[in-house]
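One structure is given below, encoded as C-alpha cells.
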Amino acid sequence: MALKIYNSLTRQKEVFEPINAPYVGMYVCGPTVSGESHLGHARPFITFDVLYRYLLHLGYKVRYVRNITDAGHFEEEGKVAEDKIASKAILEKLEPMELVQKYTHLYHWAMDQFNNLPPSIEPTATGHIIEQIEMIKKIMTDGFAYEANGSVYFDVIKYNEVYSKKNQPYGILSGRNLEDQLDTTRELDNQDEKKNKVDFALWKKAPVEHIMRWQSPWGEGFPGWHIECSAMATKYLGKKFDIHGGGMDLQFPHHECEIAQSTVCNHELPARYWVHNNMITINGRKMGKSYNNVVKLSELFDGSHLILTQAYSPMTVRFFILQSQYRGTLDFSNEALQASEKALRRLMDAYEWLKAQSFTSEKKSTDTSLDQQLKTWVNELPEFMEDDLNTAKVVANLFEMVPVINSLKDKHISAEAVSGATWQLVQAQLTLFIEQVLGIKVESGANKKQLNGVIHLLIDIRKEAKAKKDFATSDKIRNQLLEMGIQIKDEKDGEVSFTFS
RNA sequence: GGUCGGGUGGCCGAGUGGCUAGGCAGAGCUCUGCAAAAGCUUCCACAGCGGUUCGAAUCCGCUCUCGACCUCCA
C-alpha cells in the first residue's frame, strides 16, 4: 500500500515518493488577509490539513509552509495598480498593518475552530520583501524580466521560447499553450508598459497615494502577486520540494507564474506534486466575492447568514467538507449542512460510547462473519486515504460500523458476537481516523462539571416522576432541556444519557 | 471565442464494465407511558439518443445542459 495523490502537473494519480524521505516539504497558498475568510477558503485549509495529518501518521517529518499574503494584490492588473489591502484600509480607516493584524487574528481563530494543525512555518509576504527583490534581480540578470517605468515584468514569451526546448513551456501546469492565450487574452487599458500582454508584474511602481511601499532598485513600489510564494517557498523548502497545494482557481495564473519564476531562478520545477482542491459551490456556482454569494465563516458559526436557518459548528463544517473527495466540487446549502450535522452527531455518539468501553482480548467471537466484516471495514480505511485522500469513502465505512456499535450498546447483538481483540482494533482505528487523521474533535459542552451535576439531578427527578407516573413533570424536564439543546435519551437498560447539540 | 471539468435517487455525495456506496429526508416495524434515540426492513438513480459488449452509471459517438479557468480569487 502506498499513498497515491493526483498530480495536476501530470494529470494522473501518482505514488507519493518524497525527494528526501523521511522529510517532506509542503507549501500551501494561504489567505490574503484583507477580509474575513469565507466557507470557500475553508476547503483548502481543511484538505491540506488532512493531507498533513496523514503524512505525519505515515511517519514523515513534514515541514508545512503556509503563507499569509499581507502585501496586497492588484485589483486588476494593468488597469488600476491598486493595492487591495491599502484600499480596504482607507475604507475601514485603519492602518494597513492594523487591518492585516485584524484579519490575521480572525483567520487564525477560524483555523483553530476547525481544529487545523498549525503549519510549521507561516511566513508573511511583507516579511520577505528582500527575498522577493533578490529573486527579481536574479530573474533580470538571467534576462527573463525587464524594467519599464519603475515596474518590472516577467518576459513570458522569452521564457516560453527557452523552456519549451527543455520541455517546460509556459502553461505546463494548466495545460494551455501560449499561442491560444495571445489570441484570447482580453484587451486591458494601460498595458503599454508591457512588451506583451501575457507578461506579468514582478514589481510594481507605487503611485503616490499607495500606502504600502518599499524601496527597491527600481524605486518605491510593491511586489507582484506571484513572487511572494516563489520567494518564500524557496527560502523555507529549497529549490525543489515535494508538494505544492492550493485551490484550483490558483492553478492559472498564480501557480503557472510561480513555476516560471522559480524555474528561472532555481533551474528546476519548484515542486514535484501539485495538488489542487476543487471549489465549494452554492447553487452550482463557485463561492466568491465576484459572485456575491459568500458565506463568511463567522456567519456560518453563528447562523447569521440569510440562507441559514441555524448556526453550524466548526466540526459540522469540517465534516461536511470531508464527506466529499477534495477534487470534486462541493455544493453548499443549508439542507446539506443540516444533514451533515445530524450525521456527525450519530457518528460521534456511537464513537464516544465505544471509546469508553473496555474489552478484553481473550473473548472469542461467536459471529465470525460480523467479526471479519468489522476488520474489513477498518482495514479499508487506510486504503481509501491512500487513494488520493478519499475521505468520502472513509466516512462511509465509519458509518457502516455505527449500527454495529449501537447494536452492541443496545444489546441487540451479544457482547461475544465480536471478539475483544476486534473491538480493541476498532476502537484504536476509529480514534486514529476520526480524531488524528480527519481531525474531528469531540465537541461537547459535557466538560462542565457543574452543568453535568445539574443535568444528572434533573434526570433523577425525572426518574422519580416517571416512577409515580407523573408524566407531566417528566415531559416538562425532557422537553425544556431539549429546547436548551440538551437531549435526554432513555437507554434500553433503564439508564438515561444526554447529549448536547 | 479558447482550454478544461461535470451532469448519479427529494437533497448532499462515492463509485469506472458484472457485486448494497454512505449520509440526510420519506415509509413500515420493534422498543417506549408518549416521544426522542437506537435497531431492523423498505421506496427512490445513474441527462437524452445511438454504438461496443454476454453484460455499462462506468467505454465510444452525438445531442442537450451546468460549471471552472482565460482578470483578483481557496
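The figures that follow rest on heavy atoms only: side chains count, while hydrogens, waters and symmetry mates do not. Chain naming here is simple, since letters A, B, ... match the order of the sequence lines and numbering starts at 1 in each.
- Within the structure, the salt bridge (charged side-chain N to carboxylate O under 4.0 Å, His left out) test picks out the following pairs touching residues 103-122 of chain A (sequence neighbours left out): A/Arg66-A/Glu122.
- The ring pair (Phe, Tyr, Trp, His ring centres under 6.0 Å) check on A/Phe384 picks up nothing, with sequence neighbours excluded.
- For the segment residues 474-490 of chain A, residues with any heavy atom less than 4.0 angstrom from an atom of RNA chain B are, sorted by number, A/Ser474, A/Asp475, A/Arg478, A/Gln487, A/Lys489, A/Asp490.
- Under the rule for a side-chain contact (heavy atoms from CB on, under 4.5 Å), A/Ala396 has no partner lying at least two apart in sequence or in another chain.
- In this structure, B/rC46 forms no base pair with any nucleotide, since neither Watson-Crick nor G-U wobble geometry is met with both distances under 3.5 Å.
- Residues forming a ring pair (Phe, Tyr, Trp, His ring centres under 6.0 Å) with A/His305 (at least two apart in sequence, or on another chain): none.
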Got a list of protein N/O to nucleotides 63-68 of chain B N/O distances below 3.5 Å?
residue	atom	partner	partner atom	Å
B/rA68	OP1	A/Tyr291	OH	2.9

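- Note: A/Leu408 CG to A/Ser414 OG = 8.5 Å, rounded to the nearest 0.5 Å.
- For A/Lys355, the side chain to side chain donor-acceptor pair (under 3.5 Å) criterion is met by A/Glu435, not counting sequence neighbours.
- Partners of A/Ser230 by side chain to side chain donor-acceptor pair (under 3.5 Å), not counting sequence neighbours, listed by chain and number: A/Gln261, A/Ser262.
- For A/Asp49, the side chain to side chain donor-acceptor pair (under 3.5 Å) partners are A/Arg53, A/Arg318, not counting sequence neighbours.
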Could you write out each protein N or O paired with an N or O of nucleotides 24-28 of chain B at a distance under 3.5 Å?
residue	atom	partner	partner atom	Å
B/rC24	OP1	A/Arg346	NE	3.1
B/rA25	OP1	A/Lys342	NZ	3.1

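- By the ring pair (Phe, Tyr, Trp, His ring centres under 6.0 Å) test, A/Trp353 is found to be paired with no residue, residues two or more places apart in sequence or in another chain being considered.
- In this view, A/Thr104 satisfies the side chain to side chain donor-acceptor pair (under 3.5 Å) rule with no residue, not counting sequence neighbours.
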